[in-house]
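Notes follow the structure.
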Amino acid sequence: MMHPKHERFRVLVLIHLFVSLFGTRHLVQGDLSYSFPEEMKLGFIVGNVAKDLGVDLNTLSSRKARVDIEGTRKRCCDINMNTGDLITSDRIDRESLCGKKPSCVVKIDLVLENPLELHRVSLHVQDVNDNPPKFKKNLIEMEIRESAEKGSRFAIEEAHDADMGQNDVQRYVLEKNDNFILSADSKRVQLQLENNLDREKQKEINLLLTAIDGGSPQRSGTVVIHVTVLDANDNAPVFTQAVYKARVQENAPPETLVITVSATDADEGVNGDVIYDFGHVSEENLDIFSLDPKTGQMKVTGVIDFEETILFDINVEAKDGLGLTSYAKVLIDVIDVNDNTPAIYLNSMSSNTPESIPPGTEVGIINVQDRDSEKNGQVRCSIQQNVPFKLIPSIKNYHSLVTTGHLDRELVSDYNITITATDEGSPPLSSSKTIQLSVADINDNPPVFEEQSYSAYVSENNKPGSTLCSVTARDPDWRQNGTVIYSLLPGEVNGASVSSYLSVNGDTGVIHAVRSFDYEQFRSFKVQVMARDNGSPPLSSNVTVSVFISDVNDNSPQILYPAPEGSSFMTELVPKAAHGGSLVSKVIAVDADSGQNAWLSYHIVKATDPGLFSIDIHSGEIRTQRDISESDSMKQNLIVAVKDNGQPSLSATCSMYLLISDNLAEVPELKDISYDEKNSKLTSYLIIALVSVSTFFLTFIIIILGVRFCRRRKPRLLFDGAVAIPGAYLPPNYADVDGTGTLRSTYNNYNYDAYLTTGSRTSDFKFVSSYNDNTLPADQTLRKS
Ligand SMILES: *[C@@H]1O[C@H](CO)[C@@H](O)[C@H](O)[C@H]1NC(C)=O
Ligand SMILES: *[C@@H]1O[C@H](CO)[C@@H](O)[C@H](O)[C@H]1NC(C)=O
Ligand SMILES: *[C@@H]1O[C@H](CO)[C@@H](O)[C@H](O)[C@H]1NC(C)=O
């Protein structure tokens, strides 16, 4: 390989020799020039200077041939004294000797002594492709924004090759890749973007660039170009779902996580930082949810009410740092929670329900509402147990309140009906409402007297207007239907209207006497009192009021026999032979009163001869106390007082004339006992009656005495004092008693019996009545019942 080169060098050396032969010959004998490639091994024979200079080889050493290097440069060549060759004594690198100079000439001086000769030798060092192209660094870092336009060029620092010319860098080769080619402009090394970069696909690209020189053999150098694709905000964030669906319970507490939305942004750094926010949100949904800008967590912040909103349709937005946005929808279903209690509304209610309505009558309509849905909104209604009402479900949420039984205002006038509504949620909610229902009155109760019958007791001679008793009737009805008015039912007492006896206070039921009553006239009577309410029509009831009049000692005894003082002409004959104890006469008195008031006692208050006669205190029989003697005055006068037993007692007195004689004619004074023509007819009737009765009785007694006379020598009884009492003589008020004479009443009989128990043998009443029974059966005025 070296031979052709050597041939060339020889030619050049010859030329130089020629020049030097015909140039400066003296001091500088001639210049030699050699050309040789660099980097030859040590001892490389550059040329034979001995021969070229025509110096005898044998004299070389004697002439001290040597190479002088200019300056301080390293000795690079030497002369082989034996051969006369100029040989390299050091590595000769063209690039270090001459750098990038196009020709590299190293000049050395060849010195010979005896004679001194100086030869200049030019060493032309020729380039050899001993250096590969070289890039400054092994790795070139580049950053290219992904948004770089197609066709953009990016300069690359050129590779360097120390060699020259052809051996220098001739071309570059870029390893095949998707994005870059080498620019067509060959002056500079430039990458040209052929296909757009996408950081999101490939964020780093390694390119292998090779620089190739023109040497032979070729040498090359490579560099790795590391392209970092810089992000451009070319990607909007992308939500993981276009529509997010979530469910949330109503009334979920704040901070409840509803859903997390997520968007990814393929970009990097700020370009890839996604910030979440709500899209357009209606005013009312504004405060209900919050969206964390960073995490995308959607939380509850407000009150979610199923009854207001069952579905939220919310737009969310994801935005990256430089403002690219995308949107998604969040649909939130609200789950109903049983949070609404049922509400009970009273739709219609008859304000006043009459007590007369039949069972099953509708009295009200109730509407029940629950805002919850489904089961939570299904409501059952119930009513408390102890009222006569029930609920009947009607259309939809309506219920009728109907009665189940008869109402009676007088038993229960007001009902508090409690209605409870319960929904079917879990847990169920319930509410209740109390309805007040008042039962209206119907006049269905007559007044009722407190007593079956009433009795009033009043003493006779009462003051007109005095209160006898009061009746009370009750009517449980309301107001006028229960207002009781009392009145006397028309009727008669003794032929006179009851109203002339009694009056009743219409309001109070107090019964007053209208007149003064007289026991001796009548002892009792009955009236009917009606209690009537003020309803329409009115209801009434009747009661009997019995008025019993009690006796007052208002009648003094009336002496029937002998006739009262002043009109007395009667004289009793007392036989001279009368023994002590003989009945001589009897005072007969009656008292219109009854009982104690009519219990009479007889007393002799004055006598001509106090020791002669005595009177039986009970019977009024006057008897001799001792035998009549001759010395006794013929005319005996007794004043007898008859007292009743009333309080205070009343009394009457009479005079009794007794004539002790056997013969009426012996009594001259008898004529003095004038027969008063002016005496009332009554007196004469009495006399007639007395005489006839006496005759009758005397006959009867004589018969009895006749029987007794057989045993007794001396008659003891001349007069057994039975006196008939003519009805006409009785006080007029006796006769007035209408069939219920005072003597007849049980009350009186009782007193009468009591009287008998006192031990008296007879009584005036017994006497009178027995007398009437037997002797005056036709007399209607004194009748025994
Ligand atoms: C009904 O309720 C009212 C008011 O709460 C009360 O005054 C009244 O006594 C109650 N009536 C009944 C019958 O319980
Ligand atoms: C009394 O009863 C009648 C029906 O008998 C009724 O119409 C009226 O309203 C009642 N009066 C009162 C005050 O309740
Ligand atoms: C009460 O007596 C009156 C008059 O005799 C009569 O019209 C009325 O029906 C009686 N009332 C009753 C409840 O017996």
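For ligands, and for the atoms within them, numbers begin at 1 and follow the listed sequence.
Nearest heavy atoms, N553 versus P648: ND2-O, 2.8 Å. In this structure, I559 and P562 approach most closely via the heavy-atom pair CG2-O, 3.2 Å. Closest of all the heavy-atom pairs between D644 and N597 is CB-O, 3.1 Å. Taking every heavy atom of both residues into account, Q436 and N416 meet most closely at CG-OD1, 3.0 Å.
A 4.5 Å side-chain heavy-atom check between I344 and S431 finds at least one atom pair inside the cut-off.
Taking every heavy atom of S541 and a limit of under 4.0 angstrom, the matching atoms of ligand 3 come to 13 (C). Residue-ligand proximity, Q436 to ligand 1, at heavy-atom distances under 4.0 Å covers atoms 1 (C), 2 (O), 3 (C). Every atom of ligand 1 is numbered from 1 in the order shown, and the set under 4.0 Å from a heavy atom of D414 is 13 (C).
At a 3.5 angstrom cut-off on N or O pairs, Y415 does not count as close to ligand 1.
Ion pair E307/R371 not flagged as a salt bridge, since none of the NZ, NE, NH1 or NH2 atoms sits closer than 4.0 Å to an Asp/Glu carboxylate oxygen.
A cation-pi arrangement is found for R515 relative to Y501, the charged atom lying closer than 6.0 Å to the ring centre and inside a 45° cone about the ring normal.
For F548 and F522, the ring centers sit 6.0 Å or farther from each other.
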Could you tell me, for ligand 2, which of its N or O atoms are under 3.5 Å from any protein N or O, listing the pairs and their distances rounded to 0.1 Å?
unit_1: ligand 2; atom_1: 2 (O); unit_2: N443; atom_2: N; d: 3.2
unit_1: ligand 2; atom_1: 2 (O); unit_2: N481; atom_2: OD1; d: 3.3
unit_1: ligand 2; atom_1: 2 (O); unit_2: N481; atom_2: ND2; d: 2.3
unit_1: ligand 2; atom_1: 5 (O); unit_2: N443; atom_2: N; d: 3.0
unit_1: ligand 2; atom_1: 11 (N); unit_2: N481; atom_2: ND2; d: 3.0

